[in-house]
Amino acid sequence: MSLRYSILASGSTGNALYVESDEHSFLVDAGFSGKQMEALFQQIDRDISKLSAIFVTHEHSDHIKGIGILARKYKLPVYANEKTWRAMESNVGVIPAEQKFIFDMESVKSFGSVDIESFGVSHDAAEPMFYVFHQSGKKLVLITDTGYVSDRMKGIISNADTYIFESNHDVQMLRMGRYPWNIKRRILSDVGHVSNEDAALAIGDVVGDRTKRVYLAHLSLDNNMKDLARMSVAQTLQTKGFIVGEQFDLYDTDPKIPTIVTAV
Ligand SMILES: [Zn+2]
Ligand SMILES: [Zn+2]
């Protein structure tokens, strides 16, 4: 038995993560149009209609754009906490009541041998939460859209096999960039997004002997670059005594191209 995943796309323009076991398949967020989501599934040669569930992290449009369309077209069950349901209701349109499920923050749902655990993050949405997938001792962590990584979050996500970790911006690029000051302040705040450097510090705190892969995710289109993110995260990790490529590998993610389906 194994858990497999593909980061379908990740970035400030849209996010979607595909996860499957031998019996079930899941989607976390659908931050693209229905057509774009279908194209992403085609690229990994998987069938949207077979999904057991869609889990929603929070109501920002780069996470929910395709939720309503996919739910209606393929009659898929959608899971979110109550506050997120309320906050996204007007943007996802009508989803039949029998397809709407509550997934409370800091709780676990089981689908066969897969346990999905939710945990809260610090972000300017109604009740944002992310997910840890567990199966037969393996652990896959998705954490983006958080202003910082608290000790409580670190406890929940520690020593996973695979991390998909926010590395949103380079602080210097953001400060010098073209965004208006109020937006810069929001991104840099405790309820905004994690910078390359803060990502590296948090990654250094949570990786363990099980950790094999860390993907840098939710990169800002305007305030980051793949090479810069990888380099600065690797550099900061080095100052903490980690050698990337030896203990674990570091990968980037693309706003449009899925990663190949990989075992956790
Ligand atoms: Zn986002
Ligand atoms: Zn967000």
Side-chain angles (χ1 to χ4, degrees), residues 5-19 26-33 36-37 40 54-68 70 78-92 103 105 118-132 141-150 153 157 163-171 173-174 177 179-180 182-196 198-199 202 214-226 229 252-259:
Y5 61 95
S6 164
I7 303 155
L8 294 174
S10 180
S12 45
T13 47
N15 296 275
L17 168 68
Y18 173 81
V19 182
F26 312 98
L27 182 65
V28 182
D29 291 339
F32 299 91
S33 71
Q36 286 171 313
M37 287 301 307
L40 290 167
I54 302 178
F55 304 115
V56 180
T57 61
H58 65 298
E59 71 276 16
H60 289 160
S61 71
D62 57 321
H63 298 261
I64 64 157
K65 205 175 281 169
I67 296 279
L70 296 186
V78 180
Y79 291 74
N81 63 47
E82 262 183 277
K83 286 187 179 158
T84 300
W85 268 121
R86 238 173 286 141
M88 70 178 178
E89 218 121 46
S90 59
N91 291 317
V92 295
F103 198 151
M105 187 197 278
S118 64
F119 63 97
V121 294
S122 175
H123 191 57
D124 53 358
E127 194 170 87
M129 63 182 197
F130 279 80
Y131 299 96
V132 184
V141 166
L142 172 66
I143 178 169
T144 66
D145 299 78
T146 190
Y148 68 102
V149 185
S150 68
M153 296 177 217
I157 67 174
Y163 287 97
I164 302 159
F165 215 103
E166 167 156 70
S167 193
N168 179 260
H169 56 275
D170 174 80
V171 172
M173 275 182 83
L174 176 66
Y179 283 11
N182 60 326
I183 303 222
K184 291 183 183 179
R185 199 170 51 192
R186 182 225 151 209
I187 294 170
L188 291 165
S189 78
D190 274 0
V191 291
H193 291 279
V194 169
S195 69
N196 295 340
D198 288 343
V214 179
Y215 294 83
L216 301 180
H218 212 298
L219 267 63
S220 164
L221 213 55
D222 297 286
N223 303 310
N224 213 348
M225 293 178 286
K226 284 182 184 176
D252 46 46
T253 55
D254 195 89
K256 285 188 185 128
I257 304 165
T259 62

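Model, not experiment: these values are computed from the prediction. As the structure lists them, so they are numbered: ligands from 1, and atoms in each ligand from 1.
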Practice item. Give, rounded to 10 degrees, the angle between NE2 (His123) and ND1 (His60) as seen from the Zn ion (ligand 2). Key: 90°

Exercise for review: Take the Zn ion (ligand 1) as the vertex and measure to NE2 of His63 and OD2 of Asp62; round to 10°.
Suggested key: 90°

Study note, to complete from the structure: Looking at Asp145, the N/O/S atom that lies nearest to the Zn ion (ligand 2) is called OD2

**Study point:** Between Ser220 and Asn168: side-chain donor-acceptor atoms closer than 3.5 Å
**Key:** no

Practice item. Check whether any side-chain heavy atom of Ser167 sits under 4.5 Å from a side-chain heavy atom of Leu219, and report yes or no. Key: yes

Review point. With no hydrogens and no angle check, do the side chains of Tyr215 and Asp252 hold a donor and an acceptor under 3.5 Å apart?
Key: no

Practice item. Go through the side-chain N and O atoms of His218 and Asp145 and say whether any donor and acceptor fall under 3.5 Å apart. Key: yes

Review point. Hey, is the Zn ion (ligand 1) within less than 2.8 Å of some N/O/S atom on His218?
Key: yes

